[in-house]
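Input: a single structure, listed below in structure tokens.
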Number of protein chains: 2
Amino acid sequence: MDFLSGLELMIDSYQGKEQIFGVNLNPAIVRLSCEEGCVKVIEMARRLGVTADTVRFYTRIKILKPGKNKANGYREYSEKDYNRLRFVLSARQLGFSVEDIQEILNHADKKKSPCPTVRRLIDQRLNETEQRFAETLQLRERMQQAVVEWSQKPDKVPTGHMICHLIEEFAQ
Amino acid sequence: MDFLSGLELMIDSYQGKEQIFGVNLNPAIVRLSCEEGCVKVIEMARRLGVTADTVRFYTRIKILKPGKNKANGYREYSEKDYNRLRFVLSARQLGFSVEDIQEILNHADKKKSPCPTVRRLIDQRLNETEQRFAETLQLRERMQQAVVEWSQKPDKVPTGHMICHLIEEFAQ
DNA sequence: CTTACACCTGTGTCCAAGACACAGGCCAAG
DNA sequence: CTTGGCCTGTGTCTTGGACACAGGTGTAAG
């Protein structure tokens with residue numbers, strides 16, 4: 001399981017760290033220091049290659065619901081949080097908005113299939129992406145053309161009715 | 001001059017309006033009601049095909065500096081404001097940010113050539129646009145591929161370690 | 001004259017997805 | 001004990017306007 005390999009990785013990095021400082025620590029003891037596979041925000045972030053701020057953000061908007069260490073108030077992320085965050089990141093890669101993801105998770109949390117919602121949402125988002133793509137393509141072409149045209153033109157000082165001739169003569 | 005043709009247009013529309021209500025108003029009188037070619041926000045917006053909010057926005061951030069009618073506090077946009085706004089809209093079409101445009105206008109207002117700044121800025125913005133273009137292209141391809149793959153797959157109910165198989169099995 | 005309505009003002013808030021800041025608490029090493 | 005790194009919650013910033021709101025103005029109709 002991915003989370004466990006992440007845990008191993010954490011232990012490895014702890015071991016590596018300890019060896020640097022000349023101490024050998026039993027992995028079982030490391031595991032005990034934070035009972036039953038919990039991790040803190042920075043470790044959670046590292047495991048999935050995002051910043052701690054991203055983990056905090058998803059916690060703030062309640063997509064992640066970590067436990068709380070009564071002693072120090074630190075948040076404890078479980079394997080369930082790990083899976084949720086991994087899911088969130090995959091969904092973001094597919095262009096779903098955070099709100100979409102909340103809707104999808106709401107279905108899943110009620111043990112209902114989120115798939116119809118997912119299919120409906122990706123159609124919408126794909127349309128929007130096609131739109132943005134076309135706009136970005138056009139903008140890019142306009143800009144490229146401007147750079148080319150301007151390379152032939154001199155600089156000019158503004159006049160009463162002309163602020164920058166490059167921009168204003170680039171009529172389209 | 002474009003502004004004057006806009007003014008004519010305004011007078012025409014006033015005339016049209018008056019005719020609808022069965023009154024004929026002398027254009028000279030209309031012109032006098034708002035001395036020396038000034039216009040109010042909604043008319044300014046209409047002339048350049050944007051919303052009044054857009055004109056108010058550029059006024060708020062001091063790109064436009066209309067005069068003020070002492071009697072009623074209404075803002076009076078001059079031909080200079082019209083030219084500035086037209087310039088701003090052209091520059092926005094070329095991908096310049098509002099901040100870029102402020103920098104460009106600052107140069108022009110000091111009678112210095114804004115062209116070197118314009119050339120420098122468009123290089124930056126074009127790079128960013130190429131970047132965004134590539135990202136949007138990739139996202140679009142991912143999404144299209146997902147839609148195709150998912151059309152062959154059934155809906156499923158979430159399990160303990162799977163929230164939505166469509167998304168989670170779409171590994172990349 | 002009043003009423004209705006369209007327009008105007010300045011100011012504040014909202015959008016997305018985090019990034020960054022800040023004040024204050026926790027914890028381990030030297 | 002101090003230092004430094006990590007943690008907490010909360011607030012603010014980013015873009016380019018869009019929208020809201022409270023209150024003032026202008027004008028045609030009743």
Side-chain angles (χ1 to χ4, degrees), chain A residues 14 17-18 20-23 25 30 33-34 38-46 48-64 66-77 85 88-89 91-93 95-102 125 128-129 132 135 139, chain B residues 14 17-23 25 29-30 33-34 38-46 48-64 66-77 85 88-89 91-93 95-102 125 128-129 132 135 139:
Chain A
Y14 259 88
K17 219 173 175 182
E18 296 312 330
I20 284 170
F21 289 100
V23 179
L25 209 48
V30 172
S33 76
C34 203
C38 90
V39 287
K40 283 176 285 189
V41 65
I42 231 175
E43 177 59 23
M44 184 72 165
R46 194 195 56 71
L48 284 164
V50 295
T51 69
D53 271 321
T54 298
V55 178
R56 289 201 191 94
F57 171 68
Y58 287 118
T59 306
R60 179 139 57 162
I61 64 173
K62 298 188 173 109
I63 277 185
L64 302 181
K68 209 161 183 178
N69 184 320
K70 308 285 180 186
N72 58 17
Y74 287 11
R75 291 186 278 215
E76 298 178 339
Y77 293 91
L85 182 51
V88 168
L89 298 175
R92 296 277 307 128
Q93 283 286 308
F96 291 100
S97 72
V98 170
E99 207 176 343
D100 291 345
I101 294 169
Q102 283 174 319
R125 300 302 161 239
E128 294 163 10
T129 302
R132 274 214 336 263
E135 283 163 14
L139 175 60
Chain B
Y14 259 86
K17 218 173 176 182
E18 297 313 330
Q19 279 166 356
I20 285 170
F21 289 98
V23 179
L25 208 48
I29 294 177
V30 172
S33 76
C34 204
C38 87
V39 287
K40 284 177 282 189
V41 65
I42 232 177
E43 178 58 24
M44 184 73 166
R46 194 195 55 73
L48 285 163
V50 296
T51 69
D53 272 320
T54 298
V55 177
R56 288 200 192 96
F57 172 68
Y58 288 117
T59 306
R60 175 135 66 161
I61 65 175
K62 299 188 172 109
I63 278 185
L64 302 181
K68 209 163 182 175
N69 184 320
K70 308 285 178 183
N72 57 18
Y74 289 10
R75 292 186 278 216
E76 299 177 338
Y77 293 90
L85 182 52
V88 168
L89 298 175
R92 298 274 310 128
Q93 282 286 309
F96 291 100
S97 73
V98 170
E99 208 176 343
D100 292 344
I101 294 169
Q102 283 174 319
R125 300 301 160 238
E128 294 163 10
T129 302
R132 275 215 333 266
E135 283 163 15
L139 174 60

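The sequence lines fix the lettering, A, B, ..., with proteins before strands; numbering per chain opens at 1.
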**Complete:** Of the listed D:dT8, C:dT9, D:dC6, the closest approach to the B:Val41 side chain comes from C:dT9
**Rounded distance in Å - NZ (A:Lys62) to P (D:dG9)** = 11 Å
**Prompt:** Rounding to a whole Å, what distance do you find between A:Arg56:CZ and D:dG11:P?
**Reply:** 16 Å
**Item:** B:Asn69 CG - C:dT9 P separation (whole Å)
**Value:** 10 Å
**Prompt:** A:Asp53 CG to D:dT8 P: how many Å, rounded?
**Reply:** 11 Å
**Prompt:** How many Å lie between CD on B:Glu76 and P on C:dC7, as a whole number?
**Reply:** 18 Å
**Prompt:** For A:Glu99, does the CD atom have more than 12 heavy-atom neighbours from other residues, nucleotides or ligands under 6.0 Å away?
**Reply:** no
**Fill in**
Each nucleotide of nucleotides 22-28 of chain C classed B (base within 4.0 Å of a protein heavy atom), S (only sugar-phosphate) or -, in 5' to 3' order, makes ---BBS-
**Complete:** Atom CD of B:Gln102 and atom C1' of D:dT15 are separated, to the nearest Å, by 12 Å
**Message:** Could you report the tightest heavy-atom contact between A:Ile61 and A:Gln102, atom names first, then the distance?
**Reply:** O-NE2, 3.4 Å
**Request:** Examine D:dA18: is either OP1 or OP2 under 4.0 Å from a nitrogen or oxygen in the side chain of B:Thr54? Give yes or no.
**Result:** yes
**Message:** Looking at A:Arg125 and A:Glu128, is any side-chain nitrogen of the basic one under 4.0 Å from a carboxylate oxygen of the acidic one?
**Reply:** yes
**Request:** For the pair A:Arg132 and B:Arg132, evaluate side-chain contact (heavy atoms from CB on, under 4.5 Å) and give the outcome as yes or no after the intermediate values.
**Result:** CA-CA 10 Å; A:Arg132 274 214 336 263; B:Arg132 275 215 333 266; over 6 Å; no
**Request:** Using atom CZ of B:Phe96 as one end and atom C1' of D:dG16 as the other, report the distance to the nearest whole Å.
**Result:** 17 Å
**Message:** Can you tell whether the side chains of B:Lys40 and B:Glu43 come within less than 4.0 Å, N to carboxylate O?
**Reply:** no
**Message:** So B:Ile63 and B:Val98, do their side chains get closer than 4.5 Å, heavy atoms only?
**Reply:** yes
**Asked** Donor-acceptor pair under 3.5 Å: do we get one between A:Arg60's side chain and the base of D:dG11?
**Response** yes
**Asked** Between C:dC20, D:dC19, C:dC8, which nucleotide has the shortest distance from any of its atoms to the side chain of B:Ile42?
**Response** C:dC8
**Request:** Check whether any side-chain heavy atom of B:Tyr77 lies under 4.5 Å from a side-chain heavy atom of B:Val55, and answer yes or no.
**Result:** yes
**Asked** Taking only N and O in the side chain of B:Thr51, is any of them less than 4.0 Å away from OP1 or OP2 of D:dG17?
**Response** no
**Prompt:** Taking CD1 from A:Ile63 and P from C:dA17, how many angstroms apart are they, rounded to a whole number?
**Reply:** 10 Å
**Prompt:** OP1 or OP2 of D:dG5 less than 4.0 angstrom from a side-chain nitrogen or oxygen of A:Lys40, does that happen here?
**Reply:** no
**Asked** Hey, is the side chain of B:Arg92 poking within less than 4.0 Å of OP1 or OP2 on D:dG17, counting only N and O atoms?
**Response** yes
**Request:** Check whether any side-chain nitrogen or oxygen of B:Arg75 sits under 4.0 Å from OP1 or OP2 of C:dC8, and answer yes or no.
**Result:** no
